[in-house]
**Student:** 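First the structure, then my questions, so here it is.
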Amino acid sequence: MNPVDRSRAALRGEPSYVWRAGQDRRLKMIQEGAAGRQAGRVLDNGCGVGQFLLRLNQSASLAIGLEYDPRHALAARKLELKVTRAAAEHLPYPENALDLVLSHEVLEHVRDDRRALEEITRVLRRPDPREGIDPGRLILFVPNKGYPFETHGIYWRGQYRFGNIPLVNYLPRRLRDRLAPHVRAYTSGDIERLLAGLPLQIVSRTVIFGAYDNIIARWPAIGKLLRQFLQLLERTPLRIFGLSHLWVLERKTGA
């Protein structure tokens with residue numbers, strides 16, 4: 001990867017190119033959190049090359065994607081998906097329009113994460129019990145600061161160095177952000193502060209571990225044991241060391 005591509009990947013993230021067990025598991029979590037809203041008007045906000053959008057498109061009355069990177073948007077369009085190039089801070093959709101928004105490991109890359117959440121809230125459907133309209137929901141995945149590795153690499157001596165870098169997220173915030181200025185990691189408190197004042201209510205929240213497909217591909221037996229063990233920890237307080245936050249939020253009644 002040349003320096004320009006490294007910089008682009010660091011700043012905007014790299015999407016899922018191959019559908020594996022990890023993506024399939026997260027899709028099931030999305031469908032469970034959506035509680036039927038995946039059959040309505042759906043936005044994959046930061047759709048990458050369209051892997052999740054392709055699956056959501058199978059059940060949605062309308063499935064649209066938004067992607068900032070032109071190459072990723074083009075790849076998604078080649079799958080005959082409806083994809084718009086735009087920034088998450090300026091969604092090109094009317095308010096009160098969408099039943100479900102998926103933000104999958106995207107918020108950490110945007111320039112203004114609070115503004116991006118405000119825009120998501122704006123386009124979510126407001127509930128109207130008299131008309132039988134359920135509140136629109138947001139399915140939000142973001143990196144957990146408690147995870148022992150920074151999976152997006154670091155910026156060191158003038159260039160981005162990719163890989164799983166241990167303990168970076170445990171450093172004081174100012175030092176951590178100097179090493180990883182290209183990506184955020186969140187505590188639960190960080191997410192709560194981002195949501196403060198927005199007309200959203202929490203349906204559920206947890207922390208999940210990964211599927212470790214790369215490890216399983218190299219060492220199947222060890223990798224599968226590791227995955228099984230770590231995913232069992234999601235049922236315990238040790239989930240605070242998981243890879244990603246998963247929050248399900250919905251538009252408040254009367255907001």
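Just so we're clear, the structure is a prediction, and the values are computed from it rather than from any experiment.
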**Student:** Taking atom CZ of Arg205 as the centre, report whether more than 12 heavy atoms of other residues, nucleotides or ligands fall under 6.0 Å from it.
**Tutor:** yes
**Student:** Could you tell me which non-hydrogen atom of Ala116 sits nearest to which non-hydrogen atom of Leu107, and how far apart they are?
**Tutor:**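 In this case the closest contact between Ala116 and Leu107 is CB-CD1, 3.8 Å.
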**Student:** Check Glu118 with Arg114, please: is the shortest side-chain N to carboxylate O separation under 4.0 Å?
**Tutor:** yes
**Student:** Hey, are Asn214 and Arg20 close enough side-chain-wise for a donor-acceptor pair under 3.5 Å?
**Tutor:**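 Arg20 vs Asn214: donor-acceptor pair found between side chains.
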**Student:** Looking at every heavy atom in both Gly40 and Ala60, which two are closest together, and how far apart are they?
**Tutor:** O-CB, 3.4 Å
**Student:** Please identify each residue that fulfils side-chain hydrogen bond (donor to acceptor under 3.5 Å, both in side chains) with Tyr212, with sequence neighbours left out.
**Tutor:** Tyr147
**Student:** Is the backbone of Arg126 close enough, under 3.5 Å, to the side chain of Asn96 for a donor and an acceptor to pair up by distance?
**Tutor:** yes
**Student:** Look at the aromatic rings of Phe162 and Tyr160 and report parallel, tilted or perpendicular, splitting at 30° and 60°.
**Tutor:** tilted
**Student:** Please list all pairs meeting salt bridge (Lys or Arg N to Asp or Glu O under 4.0 Å) that have one or both residues in residues 145-157, counting only residues at least two apart or in different chains.
**Tutor:**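 Every pair satisfying salt bridge (Lys or Arg N to Asp or Glu O under 4.0 Å) with a residue in residues 145-157: Glu150-Arg176.
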**Student:** Using a 3.5 Å distance criterion without hydrogens, assess whether the side chain of Ser103 forms a donor-acceptor pair with backbone atoms of Val106.
**Tutor:**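 Pair absent, no side-chain N/O of Ser103 close to backbone of Val106.
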**Student:** Atom OH in Tyr186, atom CZ in Arg193: separation rounded to 0.5 Å?
**Tutor:**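 Separation between the atoms: 11.5 Å.
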**Student:** Of the non-hydrogen atoms in Ile165 and Gly153, which two are nearest, and what is the gap between them?
**Tutor:**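 Here Ile165 and Gly153 meet closest at CG1-CA, 3.9 Å.
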**Student:** Test of understanding: clusters of I, L, V, M, F, W, Y form through side-chain heavy atoms closer than 4.5 Å, transitively. Do Leu56 and Val123 belong to the same one?
**Tutor:**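 No, no single cluster joins them.
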**Student:** Calculate, to the nearest 0.5 Å, the distance between atoms CG and NE2 belonging to Leu179 and His182 respectively.
**Tutor:**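 Atom-to-atom, Leu179:CG and His182:NE2 are 10.0 Å apart.
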**Student:** Grouping I, L, V, M, F, W and Y whenever their side-chain heavy atoms are under 4.5 Å apart, do Leu27 and Ile208 come out in a common cluster?
**Tutor:**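 Hydrophobic grouping puts Leu27 with Ile208.
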**Student:** Who are the side-chain contact (heavy atoms from CB on, under 4.5 Å) partners of Ala35, not counting sequence neighbours?
**Tutor:**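 With neighbours one apart ignored, the set is Arg37, Arg137.
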**Student:** How far does CG of Leu62 sit from CG of Leu43, to the nearest 0.5 angstrom?
**Tutor:**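 Nearest 0.5 Å value for the CG-CG distance: 9.5 Å.
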**Student:** Can a donor-acceptor pair be found, under 3.5 Å and without considering hydrogens, that links the side chain of Arg251 to the backbone of Leu200?
**Tutor:** no
**Student:** When you check the gap from the basic side-chain N to the acidic O, do Glu105 and Arg26 get nearer than 4.0 Å?
**Tutor:**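 Salt bridge: yes.
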**Student:** Within the supplied structure, the quantity of interest is the number of heavy atoms (other residues, nucleotides, ligands) at a distance under 6.0 Å from Glu32 CD; does it exceed 12?
**Tutor:** no
**Student:** Can you list every side-chain hydrogen bond (donor to acceptor under 3.5 Å, both in side chains) pair that touches residues 38-54, not counting sequence neighbours?
**Tutor:**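 Listed by first then second residue: Gln51-Arg55.
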**Student:** Give me the atom names and distance for the closest heavy-atom approach of Leu79 to Gly50.
**Tutor:**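 In terms of heavy atoms, the two residues are closest at CD1-O, 4.4 Å.
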**Student:** Under 3.5 Å, is there a donor-acceptor pair between the side chain of Tyr155 and the main chain of Pro181?
**Tutor:**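 It does not hold such a pair.
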**Student:** Mind checking whether Val142 and Ile30 sit in one hydrophobic cluster, side chains of I, L, V, M, F, W, Y counted as touching below 4.5 Å?
**Tutor:** no
**Student:** For His104 and Phe52, run ring pair (Phe, Tyr, Trp, His ring centres under 6.0 Å): C-alpha distance rounded to whole Å, both residues' side-chain angles, the deciding distance at 0.1 Å, then the answer.
**Tutor:** CA-CA 9 Å; His104 183 266; Phe52 281 104; 4.7 Å; yes
**Student:** Is Arg85 reaching over with its side chain to a backbone N or O of Leu66, donor-acceptor style, under 3.5 angstrom?
**Tutor:**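 No, the answer is negative, given that no donor and acceptor are paired below the 3.5 Å cut-off.
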**Student:** With a 3.5 Å cut-off and sequence neighbours excluded, list the donor-acceptor pairs that the side chains of residues 221-234 form with protein atoms.
**Tutor:**
from, atom 1, to, atom 2, distance (Å)
Arg227, NH1, Ala211, O, 3.4
Arg227, NH1, Asp213, OD1, 3.4
Gln231, NE2, Gly210, O, 3.1
Glu234, OE1, Arg25, NH2, 2.6
Glu234, OE2, Arg25, NH1, 3.2
Glu234, OE2, Arg25, NH2, 3.3
Glu234, OE2, Phe209, N, 2.8

**Student:** Following the transitive rule for hydrophobic clusters with a side-chain heavy-atom cut-off under 4.5 Å over Ile, Leu, Val, Met, Phe, Trp and Tyr, establish whether Leu100 and Met29 coincide in one cluster.
**Tutor:**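 In one cluster: yes.
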**Student:** Is Ile215 linked to Phe149 within one hydrophobic cluster, defined over Ile, Leu, Val, Met, Phe, Trp and Tyr using a side-chain heavy-atom separation of less than 4.5 Å?
**Tutor:**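 Ile215 and Phe149: one cluster.
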**Student:** Could you list the residues that satisfy side-chain contact (heavy atoms from CB on, under 4.5 Å) with Val83, not counting sequence neighbours?
**Tutor:** Cys47, Leu53, Glu67, Ala73, Ala76, Arg77, Leu81
**Student:** Determine whether a donor-acceptor pair (N or O, by modelled atom type, separation under 3.5 Å) exists between the side chain of Asp190 and the backbone of Thr187.
**Tutor:** yes
**Student:** Using a 3.5 Å distance criterion without hydrogens, assess whether the side chain of His109 forms a donor-acceptor pair with backbone atoms of Val183.
**Tutor:** no
**Student:** So which heavy atom on Leu54 is nearest to which on Gln58, and how close?
**Tutor:** O-CG, 3.6 Å
**Student:** Would you say Glu119's side chain and Leu91's backbone share a donor-acceptor pair under 3.5 angstrom?
**Tutor:**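 Here the side-chain-to-backbone pair exists.
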**Student:** Are any of the side-chain heavy atoms of Leu195 and Leu249 separated by less than 4.5 Å?
**Tutor:**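 Counting from C-beta outward, Leu195 and Leu249 do come under 4.5 Å.
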**Student:** Hey, could you give me the CG/CD1 distance between Leu140 and Ile191, rounded to the nearest 0.5 Å?
**Tutor:**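 The CD1 atom of Ile191 is 6.0 Å from CG of Leu140, to the nearest 0.5 Å.
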**Student:** Would you give the length of the straight line joining atom OG1 of Thr151 to atom CG of Asn144, rounded to the nearest 0.5 angstrom?
**Tutor:** 10.5 Å
**Student:** Please report the interatomic distance CG(Leu98) to CG(Leu138), rounded to the nearest 0.5 Å.
**Tutor:** 11.0 Å
**Student:** Measure across Val207 and His245 and return the closest heavy-atom pair with its distance rounded to 0.1 Å.
**Tutor:**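 Reported closest heavy-atom pair: CG2-ND1, 3.7 Å.
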